[in-house]
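The block underneath contains the structure these notes are about, expressed in structure tokens.
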There are 2 protein chains.
Amino acid sequence: MPQEHAKKDRRVVRSQEALKQALLALMSQKSFDAISITEIVESANYNRGTFYAHYENKEALLDDIIDELIRKFLASFRAPYEHQDVFRINELTANSVKIFDHIHQHAELYTTLLRSNVMPNLREKMFLALKEISMDELEYPTTGVNQELLAIYSIHALLGLIFHWVESGFEQSTSYMQEQLILIIQWRPMEVKAKKEG
Amino acid sequence: MPQEHAKKDRRVVRSQEALKQALLALMSQKSFDAISITEIVESANYNRGTFYAHYENKEALLDDIIDELIRKFLASFRAPYEHQDVFRINELTANSVKIFDHIHQHAELYTTLLRSNVMPNLREKMFLALKEISMDELEYPTTGVNQELLAIYSIHALLGLIFHWVESGFEQSTSYMQEQLILIIQWRPMEVKAKKEG
DNA sequence: CCCGTTGTTGTACAGATGTTCAATAACCAT
DNA sequence: ATGGTTATTGAACATCTGTACAACAACGGG
């Protein structure tokens with residue numbers, strides 16, 4: 001049963017899909033802020049009233065696109081442990097490793113979102129989604145470390161690497177990013193030198 | 001000599017200051033997106049044309065506010081090492097520790113920015129600022145770890161903690177956050193259990 | 001203090017936004 | 001296929017945006 005709640009009117013499905021595709025097409029050409037609702041509906045060949053019948057504003061339309069992407073993103077994170085009970089360090093990092101695969105798989109879409117300057121929003125949503133499942137579904141053996149703060153720290157760090165990878169235009173290979181993540185997690189700060197002036 | 005570049009016309013200083021204060025006042029009451037330029041100038045008692053004489057849009061006005069905040073933010077990060085040459089681990093974390101002081105000192109402003117939904121933008125700008133100075137001014141002894149990726153990872157992680165603290169309404173004390181940061185940096189992932197269903 | 005420079009104002013305009021409404025068309029269940 | 005329901009349309013409206021311009025006011029150097 002693929003339909004989740006109430007089966008939607010075909011007209012609604014058509015309209016929303018056309019609006020989403022129109023927005024994505026425009027976003028591959030210009031900044032999200034520079035796109036007007038009028039522009040979206042004319043590109044999609046719908047009436048402006050139809051837009052407002054389904055969405056409050058263009059952010060809501062973008063959210064629709066992003067939410068679908070995040071569902072797939074979460075699935076890639078869950079994949080390594082959904083049939084397991086206990087992880088050791090190598091298996092844990094395998095979680096994050098799968099995420100790099102997901103991103104590379106949807107490189108074009110992520111690049112469009114980057115080009116259109118909506119990454120900060122996407123990042124925030126991805127953080128919330130990742131935090132929720134990692135607090136619900138994982139358990140860290142901590143000794144005096146606040147578990148929530150640890151999760152927040154780790155997830156933001158991971159997302160930082162991922163979005164940098166997208167911003168760099170996928171300069172590095174997927175496996176290089178995966179390697180580096182593992183190295184960084186195992187890295188211990190010992191001594192940091194201040195560079196000389198100049 | 002406090003004036004940096006060209007000495008500004010007093011009218012300009014007055015106008016820009018009034019506009020910034022008006023925006024901040026409005027942001028403490030509603031979302032940034034919900035604030036119109038017309039609203040800002042009427043609250044500040046200026047003509048709409050004056051706004052456009054100084055700023056392209058309201059984002060540019062917000063940037064003015066944020067840039068000033070980031071200058072202070074950076075100063076708090078630099079403070080621990082600006083007259084030193086080499087750090088050990090405790091001194092390094094002292095950098096970040098000073099940041100918590102800065103945030104707590106400007107708690108009201110950060111809370112206003114949070115309430116008005118501009119945190120993702122602020123976060124991005126702070127990341128770029130921190131990355132620039134930590135790449136320029138610090139040097140990590142790495143063994144196979146990409147230095148840029150390490151900086152990106154660490155900075156995003158730190159900012160994650162900081163903004164969570166703001167979002168929580170400063171529930172925890174400054175010293176608790178500082179303690180936890182040190183604990184987390186020293187934490188090593190060993191084994192992570194998946195929770196039982198339900 | 002005076003005058004050239006620069007900022008501010010009021011007004012105007014085309015386009016976008018957000019909302020409402022009645023008329024029409026497309027849908028789904030029976 | 002028919003009818004009740006719901007989506008889409010076009011039109012209209014007040015408000016906001018971004019831009020332009022001439023008239024006026026405030027500034028700062030000499």
Side-chain angles (χ1 to χ4, degrees), chain A residues 1-65 68 116-118 121, chain B residues 1-65 68 116-118 121:
Chain A
M1 288 112 192
Q3 60 254 50
E4 299 151 359
H5 303 287
K7 38 198 147 185
K8 274 197 210 158
D9 193 309
R10 285 175 182 181
R11 290 169 294 181
V12 175
V13 177
R14 254 188 279 134
S15 304
Q16 292 186 345
E17 202 53 44
L19 291 172
K20 282 193 269 184
Q21 290 312 315
L23 176 56
L24 275 176
L26 289 167
M27 281 205 296
S28 72
Q29 291 166 349
K30 54 164 85 176
S31 158
F32 179 74
D33 293 325
I35 298 169
S36 73
I37 291 175
T38 301
E39 209 170 355
I40 297 170
V41 295
E42 286 188 354
S43 158
N45 267 305
Y46 276 84
N47 189 277
R48 206 157 55 85
T50 302
F51 180 96
Y52 285 107
H54 299 296
Y55 302 103
E56 264 199 17
N57 46 44
K58 49 184 181 141
E59 279 74 19
L61 176 56
L62 179 62
D63 282 353
D64 231 20
I65 295 170
E68 192 182 325
S116 209
N117 279 96
V118 297
N121 292 294
Chain B
M1 285 110 193
Q3 59 253 48
E4 299 149 0
H5 303 287
K7 38 199 148 185
K8 272 196 212 160
D9 194 310
R10 287 175 181 181
R11 290 169 293 179
V12 175
V13 177
R14 253 187 280 134
S15 304
Q16 292 186 343
E17 202 51 44
L19 291 171
K20 281 193 269 185
Q21 290 312 313
L23 176 55
L24 275 176
L26 289 166
M27 282 205 294
S28 72
Q29 291 166 347
K30 54 164 82 176
S31 159
F32 178 74
D33 294 324
I35 298 170
S36 72
I37 291 175
T38 301
E39 210 170 355
I40 296 170
V41 294
E42 286 188 354
S43 158
N45 268 305
Y46 277 85
N47 188 275
R48 204 158 57 85
T50 302
F51 180 96
Y52 286 107
H54 298 296
Y55 302 103
E56 262 198 19
N57 46 44
K58 51 185 178 137
E59 279 74 19
L61 176 57
L62 179 61
D63 282 353
D64 230 20
I65 295 169
E68 193 183 324
S116 209
N117 278 95
V118 296
N121 293 293

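These numbers come from a predicted model, not from an experiment. Below, all heavy atoms of this structure are taken into account, side chains as well, without hydrogens, waters or symmetry copies. Residue numbers begin at 1 in each chain, while the letters A, B, ... track the order of the sequences.
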Partners meeting salt bridge (charged side-chain N to carboxylate O under 4.0 Å, His left out) with [X] (sequence neighbours left out):
X        : result
Glu39(A) : Lys30(A)
Glu56(A) : none
Asp33(B) : none

By ring-ring contact (aromatic ring centres under 6.0 Å, His included), Tyr55(A) pairs with (sequence neighbours left out) Phe51(A)
Partners passing side-chain hydrogen bond (donor to acceptor under 3.5 Å, both in side chains) against [X] (at least two apart in sequence or in another chain):
X        : result
Glu59(A) : none
Arg11(A) : Asp9(A)
Glu17(A) : Gln21(A)

Starting at atom [atom1] of [X], determine the distance to atom [atom2] of [N], rounded to an integer number of angstrom.
X        : N       : atom1 : atom2 : result
Phe51(B) : dT19(D) : CZ    : P     : 12 Å
Leu61(A) : dT17(C) : CG    : P     : 13 Å
Tyr52(B) : dG10(C) : OH    : C1'   : 16 Å

Check: Do the side chain of Lys20(B) and the main chain of Asp64(B) share a donor and acceptor less than 3.5 angstrom apart?
Finding: no
DNA chain D nearest-nucleotide lookup for Glu56(B) and His54(A): closer to the 5′ end is His54(A)
Residues in residues 25-48 of chain A with a heavy atom under 4.0 Å of DNA chain C, by number, are Ser36(A), Ile37(A), Thr38(A), Arg48(A)
For nucleotides 24-29 of chain D, 5' to 3', base contacts (B), sugar-phosphate-only contacts (S) and non-contacts (-) with protein non-hydrogen atoms under 4.0 Å give -BBSSS
